[in-house]
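Read the structure below first, then the notes.
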Amino acid sequence: LGIEGLELELNSIGCPECRKNYHKALKEYFEGCRDQLCHTCLERLDKNPMRILDCKDPSCQRISAGSPVITDYLCDDCAEHFESVKKYLTAMDIEFKVNPRIVRGLDYYTRTVFEFVSTAIGAQGTVCGGGRYDGLVKELGGPDTPALGFGLGTGRLKMLLENQNTELPADNPCEIYIAPMDADASLKAMALTNDLRASGIHAQTDVYGRSLKAQMKYADKIGARYTCVIGSDELSQGVLKVKNMSTGETAEIKMENFEDNFLRLS
């Protein structure tokens, strides 16, 4: 989007075993400040003291500033994993800052958590945040499954774009829509679409098993510049008729090296 001035903040909240010891340390710390916590954080103290670190109440934030940090309680495996994450980021020239105050109160989070923060829109400057969800699938009844996710604040992104006088990038319209007529043609259409995309061409094809009429209607809706149909005849001949949707003109292009031939046409 061209947004400038974003900073990556990174932390590790370890695994469930790490957090057992950390929860114990947090509870001992906050018990000594019980009378200064807000009502919500008093409930969090018994249920999940890590959530207190997320509180926006000024009094709770002042107390949290001196609380234990999770990175001091990571087990050997989690500490090694966190060091590995930082090494890979450094190797890719991605700047980051370790912020031990970034936590996630939900139990399915594990190890890496992160936020992309801007100082251009005030105190609530986090525009993207997330982390590893290694425990999520198991929470839903499935097997242990490594995963990662994040959420973007579209409202805050809009504020940043306006603050920096940055316009959204122009749409990248569909150059060609390839419409298959049967299963064999669909397989070839997918291969051609992939080759076109690898050459930097915005190409689409059917993934819903729609009729040819419905596909042509969709191609028109998305403003495809060119369309072509693949059926048994086209497969046997190795040639596609490509139609310019603006002029109605058609041109025959061989399927072999189709992306190169299409580039010459477009």
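Counting from 1, the numbers follow the sequence of the chain as shown.
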Heavy-atom count around L152 CG within 6.0 Å, excluding the residue itself: above 12? yes
Enumerate the residue pairs fulfilling salt bridge (charged side-chain N to carboxylate O under 4.0 Å, His left out) with a member in residues 188-209, sequence neighbours excluded, ordered by first and then second residue. D206-R210
For the pair E162 and K158, find out whether any cationic side-chain nitrogen is under 4.0 Å from an anionic carboxylate oxygen. yes
So, R101 and S67: side-chain donor and acceptor under 3.5 Å apart, yes or no? yes
A quick test of your reading: do over 12 heavy atoms of other residues, nucleotides or ligands sit less than 6.0 Å from CZ of F150? no
Is the shortest side-chain heavy-atom distance between V98 and K86 below 4.5 Å? yes
Answer whether the closest heavy-atom distance between the side chains of L74 and R111 falls below 4.5 Å. no
Distance col, row T126:OG1 vs E9:CD, nearest 0.5 angstrom, shows 7.0 Å
Less than 4.5 Å apart, side chain to side chain, heavy atoms only: is that true for C78 and F82? no
Any non-hydrogen side-chain atom of I13 less than 4.5 Å from a side-chain atom of M50? yes
Considering residues, nucleotides and ligands other than D76, do more than 12 of their heavy atoms fall under 6.0 Å from its CG? no
Testing I178, T205, I176 for side-chain contact (heavy atoms from CB on, under 4.5 Å) with L192, which one passes? I178
What I'd like to find out is whether the side chain of E175 reaches to under 4.5 Å of the side chain of F262, using heavy atoms alone. yes
Is there a side-chain contact between Q204 and C174, using heavy atoms and a 4.5 Å cut-off? yes
Qualifying residues under ring-ring contact (aromatic ring centres under 6.0 Å, His included), relative to Y22, sequence neighbours excluded: Y73
Rounded to the nearest 0.5 Å, what's the gap from CG on L136 to OH on Y109? Could you check? 9.0 Å
Is there a side-chain contact between R19 and N48 in this structure, where contact means two heavy atoms from C-beta onward sitting under 4.5 Å apart? no
Checking T145 side chain against P143 main chain: does a donor-acceptor pair fall under 3.5 Å? yes
Between F116 and F114, what is the ring plane arrangement, given parallel below 30°, perpendicular above 60°, and tilted in between? perpendicular
